[in-house]
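Presented below is the structure to which this report refers.
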Amino acid sequence: MDNRPIGVFDSGLGGLTSVRELRRLLPGEDIVYFGDTGRVPYGSRSHETILQYARQDIAFLLSQNVKCIMAACGTVSSTYPPEEAAKLPVPYMGVVSSAARRAARATRSRKIGVIGTSATIRSHSYELMLRRLVPGAEITARACPLFVSLVENGYVDGSAPDRQQVTKLVIAQYLKEVRDAGVDTLILGCTHYPLLAGMIGAYMGPSVALIDPGRAAADDLDQLLAGKGLRAGREHGSTHFFVSDVPDSFIQTADLFLGEYRGGTAEQICIDKY
Ligand code: DGL
């Protein structure tokens, strides 16, 4: 048993989709969440910059005495080297391997689509993992940079019809090639995309399985904690939020990602100190 918090980080607010899953699966755990709201987005930045940011984010979470670290960010998960992760003093997991394993189980045709930020697609992280897991896989990967802005501005599933109209146009523009490739499984490889899952699913058609990396990683983290005897021994845990910009926008937007968030507090930290 270990009552220290789980550390979760993301480039901004999108990682709260993973926190939502963790809260559902592991209600007894305390969670420390860091959203790098002062430096978001990561997905359009260089490999070196993303790596430097990831190291600082991890150093901050370690300063909070976390028992494990989850990179909810698809971009960081695609960039942070496993060899470096293995040297951390606590277990680390990203979302790529969990999502790839789930996609490998879901596909029947071995035709798999992957969408994510420019950095995620450029890294080929999902392709490398999927080719190991699914011999002969046909992978169609596509960067969808506008999706993050659409989500952050509320152009999501269930928003006003004129907003959804805009998002549907962008979805059709980005995903035509993926749909034409006849994939039966599509990895939503970025924290923000689960908030568009309804519209993406409608465009792709009902026979295409959508994989939410945050959900897949939350399941794996649950198993990892159980396997290592690290689960907390209480019924109700709490979540503490830290951000690197003024917390106002976090408080306004967090509900969208977290659902259950009730306008609690978020503390601002100086990430450059780490
Ligand atoms: N959190 C990022 C990801 O999952 C999306 C936002 C960004 O570009 O920073 O890739």
Side-chain angles (χ1 to χ4, degrees), residues 10-18 20 35-37 39-46 50 72-79 95-96 99 103 111-127 138-216 249-250 252-259:
D10 179 46
S11 55
L13 294 166
L16 293 175
T17 54
S18 299
R20 187 177 58 197
D36 198 359
T37 51
R39 304 190 296 195
V40 67
Y42 286 9
S44 50
R45 295 184 194 272
S46 68
I50 297 164
C73 181
T75 302
V76 168
S77 304
S78 298
T79 307
V95 290
V96 172
K111 292 182 179 173
I112 303 170
V114 181
I115 53 175
T117 64
S118 301
T120 294
I121 299 305
R122 193 181 59 219
S123 76
H124 301 293
S125 58
Y126 276 107
E127 274 159 280
E138 282 177 43
I139 299 157
T140 310
R142 179 75 161 98
C144 304
L146 284 177
F147 282 180
V148 167
S149 309
L150 286 168
V151 169
E152 289 193 348
N153 286 286
Y155 286 59
V156 294
D157 290 341
S159 61
D162 55 337
R163 287 187 170 214
Q164 291 195 50
Q165 212 46 47
V166 174
T167 306
K168 283 176 187 170
L169 279 176
V170 181
I171 288 173
Q173 162 82 32
Y174 280 151
L175 297 192
K176 182 173 185 314
E177 186 195 338
V178 183
R179 189 172 72 174
D180 289 352
V183 302
D184 69 354
T185 304
L186 175 63
I187 297 177
L188 307 179
C190 167
T191 48
H192 289 56
Y193 301 176
L195 281 94
L196 305 177
M199 286 186 274
I200 291 173
Y203 180 76
M204 294 300 293
S207 60
V208 176
L210 303 183
I211 308 295
D212 174 347
R215 178 168 292 185
S249 62
F250 175 90
Q252 275 160 24
T253 326
D255 240 349
L256 188 63
F257 290 93
L258 199 53

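Along the sequence shown, residues carry numbers from 1.
Atoms CD1 and CD1, on I121 and I115 in that order, are 8.0 Å from each other to the nearest 0.5 Å. Atom OG1 of residue T117 and atom CZ of residue R45 lie 12.0 Å apart, to the nearest 0.5 angstrom. Atoms CG and OH, on L175 and Y203 in that order, are 6.5 Å from each other to the nearest 0.5 Å. Note that the CZ atom of R179 and the CD1 atom of I171 stand 11.0 Å from one another [nearest 0.5 Å]. Rounding to the nearest 0.5 angstrom, the gap separating the CG atom in D10 from the OG atom in S77 is 9.0 Å. Taking SG of C73 as the reference point, atom CD1 of I50 lies at 8.0 Å (rounded to 0.5 Å).
Between the side chain of Y193 and the main chain of C144, a donor-acceptor pair closer than 3.5 Å is present. R163 contributes a side-chain N or O that, together with a main-chain N or O of N153, makes up a donor-acceptor pair within less than 3.5 Å. Judged purely by atom type and a 3.5 angstrom limit, S123 has no side-chain atom pairing as donor or acceptor with the backbone of T79.
Put simply, the side chain of T120 does not reach to within 4.5 Å of the side chain of C190, judged on heavy atoms. Side chains of S207 and D184 form no contact here, defined as non-hydrogen atoms less than 4.5 Å apart. Within the 4.5 Å cutoff, the side chain of F147 has no heavy atoms near those of the T167 side chain. Looking at L196 and H192, their side chains never come closer than 4.5 Å, going by heavy atoms from C-beta outward. Counting heavy atoms from C-beta outward, Y42 and V76 have side chains that approach closer than 4.5 Å.
When every heavy atom of Y155 is checked against every heavy atom of M199, the shortest pair comes out as O-CE, 4.0 Å. Residue A72 comes nearest to T191 through the heavy atom pair O-CG2, 3.0 Å, listed as atom of the first residue, atom of the second, then distance. For M204 against L186, the heavy-atom pair with the smallest separation is CG-CD2, 4.0 Å. The shortest heavy-atom contact between A143 and S118 is CB-CA, 3.9 Å. Considering all non-hydrogen atoms of both residues, G198 and D157 come closest at N-OD2, 2.6 Å. Closest non-hydrogen pair, A181 versus T140, comes out as CB-OG1, 3.4 Å.
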